[in-house]
Amino acid sequence: MNVTKNTEKERMTFWEKIYLPEIARGLGLTLKQMFKPTFVRQYPEERWEPLGSYRGRPVLVLEEDGERCVACGLCARVCPALAIEVRASETEQEKERYPMLFEINMLRCIYCGFCEEVCPEEAIVMSKDYDLVFTSTEDAVLGKDKLLMPVEQLQDRLEFLRRWR
Amino acid sequence: MSPIAVEVIIFLIKAVLIINGLLMSAAYLVYFERKISAWAQNRIGPNRVGPLGLFQSFADVFKLYFKEDVVPKLADKRFHLIAPVISIGIAIGVYAVIPFGDSFTVNIGGAATKIWLAVTPHVNVGILFILAMTSLGVYGITLAGWSSNNKYSLLGGLRSAAQMISYELSMGLALISVLMMAGSLDLTEIVHKQAGGSWNVFFQPLAFIIFLTASFAETNRTPFDLPEAEPELVGGYHTEYSSMKFGLFFLAEYINMVTACAIMVILFFGGWNAPFLYEALALPEGSPLLALTQFGVMAAKMIPFLFFFIWVRWSVPRFRYDQLMSLGWKVMLPLALANIAITGVVMVILKHFGIIS
């Protein structure tokens, strides 16, 4: 007959069949593990610091004379999750336009980074924030007050964009 | 005070002490289970509540108390309520006969009173009482599974019933060989028979291994935790339990673990006997300090077993249901029977040559 018998019972040797030596081996393995160092980070105290390539919460770059954003609306156009809303207004500054309202709904944001990629002014970039907590749906819609971040804090990301984009 | 009143008061004090001690030990067993699990997986484990996380179990209990107690609409309310009570009641009830040491003498109202380190000392059916109680424990789990009106719960309850009945047999048969050697069912008597380092485990290693395996099955611990098998049965018999009702099942499981360890120490590892220790301390007979030492020795012997229970949980995968049944009926039962026969034959031969009386 062209049938190969290879059941669990036939594969096992006598000592494996009586379980106990194998169980003792397994116990030895777990005991060895118990004395190895742990791999755990004590999270709220020890935080992981992401590199420049990390895509965290998108923020607006804030310079001395206000935000870089010129309210062109490309980010809102490209956003696959429709998380961004921009309303433009005019200003006396050189850039002539500025966002009157800039909102990102963080419940919709998927951190894809398209807004950053499409932005002609490098005005919206991904920050390193990764632990976002909201207690209500309204809180999750971030306005300009929460989105603006000084340019000094974003140097890693801007450097990364300059080198790799 | 009349002697009867003194007896009753001593009995009540002992009962309160043992129940509170058990609840505390179960709480810390949960803590150590989580710690040892963490070590086995290279984690840290609970370390937030109190120093080193030592108050974690109390936080858990408070959390359970404050949770909503959900009872399924179609559940049988009476049995749903009574099942965890049966479980915990039986788990604690076993401790009526388990001794933690000999007696000590104190002077109460001018009369020297002997106080035994067991709630009811010298019960002449001690081990039978324990076996009877632990086999009643299956009612708690089966009723929980049945009354929840949930298929997962029912499957868990049925598995538990089948498993406990199967392993009860080999457990009882493994004990018989020990009882043949001891010639008594009284647990204190069995411990006294093992004095001077002649622990039963040296004469009955096979019975010990069978008893150990069966006690894993009886307490629903990991290689045999089919009644709650979370990947397949959600939570088994306690799927539909919440709040402190779930907590009672949890507590009962850990108290059963302590019970299993206590019985193993008493029957196989000489109870509170310790070679050279009592000779070195030379404490007078009947002093409270001696009783305390005996309790300490007993507890110290139980700790490695408790560790072993948790250790096995992270080493051995769960048995399949058919494997469980074939192990119980085709392997352990014949081995236990053979062990009884061999023990009997050897005892008769030794008696014939006058080596034992």
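A, B, ... follow the sequence lines: proteins, then strands. Residue 1 opens every chain.
- The backbone N or O of P50(A) sits less than 3.5 Å from a side-chain atom of K128(A), completing a donor-acceptor pair.
- Chain A forms more heavy-atom pairs under 4.5 Å with one residue of I44(B), T213(B), V316(B) than with any other, namely I44(B).
- The interface of residues 300-312 of chain B with chain A, defined by heavy-atom distances below 4.5 Å, comprises F307(B), F308(B), W311(B), V312(B).
- Ionic pairing of R68(A) and E63(A) is present here: one or more N-O contacts between side-chain nitrogen and carboxylate oxygen are shorter than 4.0 angstrom.
- Tested against F224(B) for a ring pair (Phe, Tyr, Trp, His ring centres under 6.0 Å), the candidates Y321(B), Y167(B), F216(B) yield a single pass: Y167(B).
- In this structure, the portion of L20(A) lying under 4.5 Å from any heavy atom of chain B is its side chain and not its backbone.
- Residues satisfying the side chain to side chain donor-acceptor pair (under 3.5 Å) test with T91(A), not counting sequence neighbours, are none.
- Q194(B) places a side-chain N or O within 3.5 Å of a backbone atom of I266(B) that can act as its donor or acceptor partner.
- The minimum heavy-atom distance between V178(B) and L267(B), with the atom names listed, is CG1-O, 3.9 Å.
- Residue contact with chain B, scored on non-hydrogen atoms closer than 4.5 Å, involves the backbone and the side chain of L27(A) alike.
- Put simply, the side chain of Q323(B) gets close to the backbone of R320(B): a donor and an acceptor are under 3.5 Å apart.
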